[in-house]
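Contents: one structure, followed by commentary.
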Amino acid sequence: GLEPELYQPGEIIIRQGDPADSFYIIVKGSVEVSVKHPSGSVLELAQLETGQYFGEVQLLSGGTRTATVRASKDEPASVMHLSRDLFVETMKNSNLTRNQMAHLIRERVLKSDLHKALPMVKASGFDRWLDQLEVVQFQAGEVIIEQGEVADAFYVITEGEVEVIHQPDRGTEVTVARLGVHDYFGETGLIQQSVRNATVRVAGKEPTSLVSFGREAFLEIMTSSDEANRTFLAKMRERLLTSFITAAFSHLSPAQAARLSTLATLDRLSAGDSVTFSDDQQEKMFLVAEGQIDLILTHSENGDERPVA
């Protein structure tokens with residue numbers, strides 16, 4: 001049955017990675033939900049108040065706890081818990097309760113996945129975008145977005161892997177990157193309001209599941225904070241540079257191109273701007289990513305200019 005228990009401020013109620021054995025209802029006080037990111041940082045997912053509940057996800061789906069829940073730092077929390085067997089039996093005997101719980105689980109899993117993928121976005125902010133997302137699945141080898149098509153969506157990977165492919169010429173493919181769970185893609189075309197600059201398709205033999213946001217929802221997420229805006233712009237720059245470098249130096253692996261991109265800068269020049277001068281001491285190599293440049297030979301005596309390429 002339900003057994004009440006008092007937890008002191010900051011005391012852990014359930015710990016990420018532990019076996020799931022109970023369902024919890026907050027009788028008094030509040031609790032904090034957090035998850036440890038693979039990088040080692042701790043991400044705050046939510047704060048639950050009196051009357052709310054937690055711990056149901058793994059009781060129905062199996063597995064270990066995916067988050068840590070502790071009593072709030074400000075006051076003790078009184079929590080009642082329902083054993084696994086009684087919880088499962090209750091779900092079996094009530095279609096309404098089971099349907100409500102399934103909906104809640106879906107929302108919590110989605111918010112957890114999104115926060116792990118986008119830690120620069122406040123967890124509470126995802127609530128207002130849940131009705132704008134779509135959960136989609138693609139089969140092995142299936143194309144998700146194609147180079148040259150209009151960019152209309154942003155994707156977060158929740159299961160499986162994808163490969164990012166640049167096609168510099170018809171019939172030629174260069175693998176730019178391989179992305180996995182909690183990686184994202186599709187932001188570049190939305191930010192630049194342009195067509196896709198790469199093709200993304202499912203890698204491996206298993207299907208891939210994704211969360212998809214339309215253009216408007218993505219732009220709301222991006223502009224929800226200065227940190228989110230900076231992170232998306234930096235990721236776009238890194239990916240553009242990696243794509244350009246991989247296309248120019250096909251002998252480099254995606255990892256090598258990504259490392260080289262951290263040493264490069266992306267500059268946009270207007271028509272007529274000079275890139276370098278004949279008497280400059282050369283300390284850089286230049287790669288033309290878009291457009292074209294003229295190479296001009298300047299006569300040392302009279303200053304006459306003559307295009308050479």
Side-chain angles (χ1 to χ4, degrees), residues 10 12-18 20 24 26 30-49 52-61 63-73 101-137 153-162 179-187 190-191 208-236 238:
I12 290 177
I13 303 171
I14 62 175
R15 189 186 301 273
Q16 183 176 343
D18 284 353
Y24 299 84
I26 305 168
S30 62
V31 302
E32 299 168 352
V33 185
S34 63
V35 62
K36 189 172 183 179
H37 194 266
S39 66
S41 60
V42 177
L43 308 175
E44 299 297 330
L45 291 181
Q47 179 162 313
L48 306 178
E49 307 291 341
Q52 293 185 286
Y53 46 91
F54 58 92
E56 74 287 350
V57 176
Q58 278 65 47
L59 287 183
L60 290 180
S61 62
T64 58
R65 300 294 190 190
T66 58
T68 293
V69 180
R70 69 183 74 222
S72 127
K73 300 179 181 66
M101 194 62 67
H103 178 73
L104 177 66
I105 289 172
R106 175 180 176 274
E107 284 196 354
R108 289 196 178 176
V109 169
L110 282 174
K111 285 194 287 186
S112 177
D113 281 332
L114 290 172
H115 197 61
K116 289 174 182 176
L118 309 171
M120 66 287 193
V121 179
K122 290 184 178 179
S124 58
F126 289 118
D127 288 331
R128 67 177 182 270
W129 298 309
L130 285 177
D131 61 348
Q132 300 180 59
L133 64 77
E134 182 180 3
V135 178
V136 292
Q137 187 175 76
F154 169 73
Y155 298 89
V156 174
I157 304 169
T158 58
E159 186 177 354
E161 292 185 319
V162 303
L179 306 177
V181 174
H182 301 144
D183 285 327
Y184 59 83
F185 60 91
E187 76 288 343
L190 296 178
I191 295 172
T208 290
S209 297
L210 309 106
V211 175
S212 169
F213 289 96
R215 177 190 297 274
E216 291 186 7
F218 168 73
L219 293 177
E220 286 182 18
I221 293 171
M222 178 177 174
T223 56
S224 63
S225 71
D226 289 341
E227 184 182 2
N229 192 64
R230 287 194 303 270
T231 300
F232 281 120
L233 289 176
K235 180 60 73 174
M236 179 187 72
E238 173 195 325

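Any value given below was found using the heavy atoms of this structure, including those in side chains, with hydrogens, waters and symmetry copies removed.
- Of the inter-residue distances, the one linking Leu233 atom CG with Arg230 atom CZ reads 10.0 Å to the nearest 0.5 angstrom.
- With Arg65 contributing its side chain and Gly55 its backbone, the two residues share a donor-acceptor pair below 3.5 Å.
- Thr158 places a side-chain N or O within donor-acceptor distance of the main-chain N or O of Ser209, the cut-off being under 3.5 Å.
- Side chain of Ser41 to backbone of His37: no donor-acceptor contact under 3.5 angstrom is found.
- Looking at residues two or more places apart in sequence or on another chain, you find a side-chain contact (heavy atoms from CB on, under 4.5 Å) between Ala217 and Gln132, Phe213.
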Tell me which donor-acceptor pairs under 3.5 Å the side chains of residues 111-121 have, and how far apart each pair is, sequence neighbours excluded?
from: Lys111; atom 1: NZ; to: Asp127; atom 2: OD1; distance (Å): 2.7
from: Asp113; atom 1: OD1; to: His182; atom 2: NE2; distance (Å): 2.9
from: His115; atom 1: ND1; to: Val121; atom 2: O; distance (Å): 3.2
from: His115; atom 1: NE2; to: Glu44; atom 2: O; distance (Å): 3.3

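- Taking a 6.0 Å sphere around CG of Asp226, one finds it holds 12 or fewer heavy atoms contributed by other residues, nucleotides or ligands.
- The shortest distance between side-chain heavy atoms of Phe185 and Leu210 falls below 4.5 Å.
- Arg215 approaches Leu190 most closely through the heavy-atom pair NH1-O, 3.5 Å.
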Can you list the steps and then say if Phe232 with Phe154 is a ring pair (Phe, Tyr, Trp, His ring centres under 6.0 Å)?
CA-CA 12 Å; Phe232 281 120; Phe154 169 73; 5.7 Å; yes

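- Between Lys235 and Glu238 there is a salt bridge, since a side-chain N of the basic residue sits under 4.0 Å from a carboxylate O of the acidic one.
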Side chain to side chain contact (heavy atoms under 4.5 Å, CB included) evaluation trace for Tyr184 with Val211
CA-CA 9 Å; Tyr184 59 83; Val211 175; over 6 Å; no

Please test Ile13 against Phe54 for side chain to side chain contact (heavy atoms under 4.5 Å, CB included), starting from the C-alpha separation and ending with a verdict.
CA-CA 11 Å; Ile13 303 171; Phe54 58 92; 4.0 Å; yes

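- With hydrogens and angles disregarded, a donor-acceptor distance shorter than 3.5 Å links the side chain of Thr208 to the backbone of Glu161.
- With rounding to the nearest 0.5 angstrom, the CD atom of Glu32 is 11.5 Å from the CG atom of Leu45.
- In this structure, the side-chain contact (heavy atoms from CB on, under 4.5 Å) partners of Ser30, at least two apart in sequence or on a different chain, are Gln47, Glu49, Ser72, Glu75.
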